Amino acid sequence: MPPEHVRAVSPVPLKDRFSQGLDAPICLTWELTYACNLACVHCLSSSGRRDPDELSLDEARGIVDHMVDMKVFYVNIGGGEPMVRSDFFDLVSYAVERRVGVKFSTNGTRMTPARARRLAALDYLDVQISIDGATAATNDLVRGEGSYEAARRAMDNLASAGFGQFKVSVVVTRQNVEELDALAAIADEYGAQLRLTRLRPSGRAVDSWEALHPTAVQQRMLYHWLAERPGVLTGDSFFHLSALGEPLEGLNLCGAGRVVCLIDPVGDVYACPFVIDRQFLAGNVRDPGGFPGVWRESSLFRSLRQPQSAGACASCGSFDACGGGCMAAKFFTGLPLDGPDPECVHGHGEAALAARGTSPRASIGHSKVARDGTPLPVPTPVRFRSPART
Amino acid sequence: MRRLLSEPFAVDRPWRLNPLVALRDESFGALAYHYGNRRLVFLKSRTLVTLVSSLHEYPSAAEALDAHVPEAQHTSYARALERLAASEVIDAA
């Protein structure tokens, strides 16, 4: 649900306040593990292998304690696949018992009927099941064979357990954008909420973004589709589309390091979930000041909270609407951070992409590798044909 | 939707901060998070935060307004309370 602004008398330009950072994040993502039993081609954290340095349950509880102190109302838990951690339920219970709400994303493969019932018994807990297509054919090309079936089974199990309203979470791609109505119908079937998020060229999507990201025509269609459906959740991720007209619901700003950050499985704190790269590393929760120290003192976060240059976007009439778009999308496509988003709705991104050099490679990855260190194959987007119905 | 129908706001009735809502003070006012409907609401003035936090001490919202808000601003603050009642940040005490 997008945040609501209730003002009385003098409205404060909140967007400006948020750009200068808050004492604690509003939207904190916490990836519990890099271990994953799937190998999605667009995985933003290049997950696969567990990192041997993963935070222990005790350390994770310590982070929850800090969240309580900082009045972080809820945390978005992801991975990797968070449910593969054997202490997953211990940690989730620890958080919700302290009124740190948990919203967690799962591929559903571990959502047995028993686990669904266990989740249904917890307060302050939301579940997002990921599918990236309304059919197995569309979904499995991105998420791997059998993943659609597993996700639907997880939804069935949650429904049977009486979980109530869960979320069906979809990363919008060139291939599934034609299936939005069908995806909404799947969510409706379960009484679930549909959540759409933007594909970023992060993690393994550095390699697949080119083939997966929606076309300019599709983006316009998506904007209108979302504008007509304010009940569809977006995690505020399509603010670059707000340059097309009336702003979409949400804060419409890049919150990285200001109101948003990521804690990764080894405790590294990044500016946002989509920039797992040394350049955006603010510190580690194992540092002496813990997570609050990183949030408040890191030089990276302090610099992000300073006024940012609009650069090449300064003369564009839409800059107030889109703010130049997504930092991660620019970084991983090799574009300057003070220029247009690669998916700029006015086409400035395409021109910049044509003029750029090579894009940076992600410096951190946990994709599965063979014994000799060579990457194991993941389902690759080269198998995509052109969309069948165009 | 999990939301229940909320009682319409009436200024002559007693109100309180919903027990399912937590406030986090910020320089601009406060963030309010509703653990039931999972909505985040921004209270964009310190006076509004004071008003909302002390509603339960008064027999009616009108008396809370008298105590905390300059008279010229009663209408706009009453409207803010109406919005907060609709999003269940405050409820009838």
Side-chain angles (χ1 to χ4, degrees), chain A residues 1-27 67-76 95-96 98-103 122-128 163-167 188 191-193 195 231 233 235-236 249-251 259, chain B residues 1-4 6 9 11 17-52 55 61 64-65 68-90:
Chain A
M1 194 71 66
E4 186 178 344
H5 302 238
V6 178
R7 58 171 64 111
V9 200
S10 57
V12 182
L14 261 200
K15 206 167 160 169
D16 295 349
R17 289 284 175 82
F18 288 171
S19 302
Q20 296 158 18
L22 299 181
D23 289 343
I26 296 179
C27 182
M67 291 178 191
V68 174
D69 295 342
M70 296 173 87
K71 292 203 173 185
V72 172
F73 301 125
Y74 59 87
V75 57
N76 302 293
V96 298
R98 280 153 189 80
R99 257 199 167 195
V100 174
V102 169
K103 307 183 178 193
L122 291 172
D123 277 336
Y124 312 142
L125 181 89
D126 288 297
V127 183
Q128 299 179 171
F163 180 84
Q165 192 178 48
F166 57 89
K167 294 167 179 61
D188 282 348
Q193 270 181 303
R195 181 174 188 271
L233 307 172
D236 211 7
E249 298 238 15
L251 289 173
V259 296
Chain B
M1 299 293 288
R2 213 180 256 180
R3 292 180 63 178
L4 304 169
S6 50
F9 180 71
V11 77
L17 180 66
N18 188 324
L20 280 173
V21 171
L23 294 183
R24 181 171 113 194
D25 283 340
E26 297 289 348
S27 59
F28 57 82
L31 301 176
Y33 183 69
H34 191 303
Y35 281 93
N37 65 31
R38 317 288 209 256
R39 291 200 69 160
L40 188 63
V41 177
F42 304 127
L43 306 187
K44 298 208 250 185
S45 103
R46 293 293 318 158
T47 306
L48 184 59
V49 179
T50 308
L51 176 66
V52 163
L55 278 175
L65 282 165
H68 296 285
V69 180
E71 197 168 346
Q73 298 176 354
H74 278 198
T75 315
S76 53
Y77 274 87
R79 215 160 29 229
L81 290 178
E82 192 176 347
R83 292 270 307 278
L84 293 175
S87 50
E88 298 168 57
V89 171
I90 60 172

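Proteins get letters first, then strands, A, B, ... in listed order; numbering begins at 1 in each. Since this is a predicted model, take the numbers as computed values, not measurements.
Residue B:S27 touches chain A through both its backbone and its side chain, counting heavy-atom pairs closer than 4.5 Å. Only the backbone of B:L23 comes within less than 4.5 Å of a heavy atom of chain A; no side-chain atom from C-beta onward does.
With sequence neighbours excluded, the residues satisfying ring pair (Phe, Tyr, Trp, His ring centres under 6.0 Å) with B:H68 are B:Y58. Scored by the ring pair (Phe, Tyr, Trp, His ring centres under 6.0 Å) test, A:F18 finds B:F28, B:F42 as partners (sequence neighbours excluded).
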(request) Show your working on side chain to side chain contact (heavy atoms under 4.5 Å, CB included) between A:I26 and B:R24 and close with a plain yes or no. (result) CA-CA 10 Å; A:I26 296 179; B:R24 181 171 113 194; 4.3 Å; yes
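Closest of all the heavy-atom pairs between B:R38 and A:D126 is NE-OD2, 2.6 Å. Scanning all heavy atoms of the two residues, the minimum distance from A:R99 to B:L20 falls at NH2-CA, 3.7 Å.
The main-chain N or O of B:Y35 is never found under 3.5 Å from a side-chain atom of A:Y124 such that the two would form a donor-acceptor pair.
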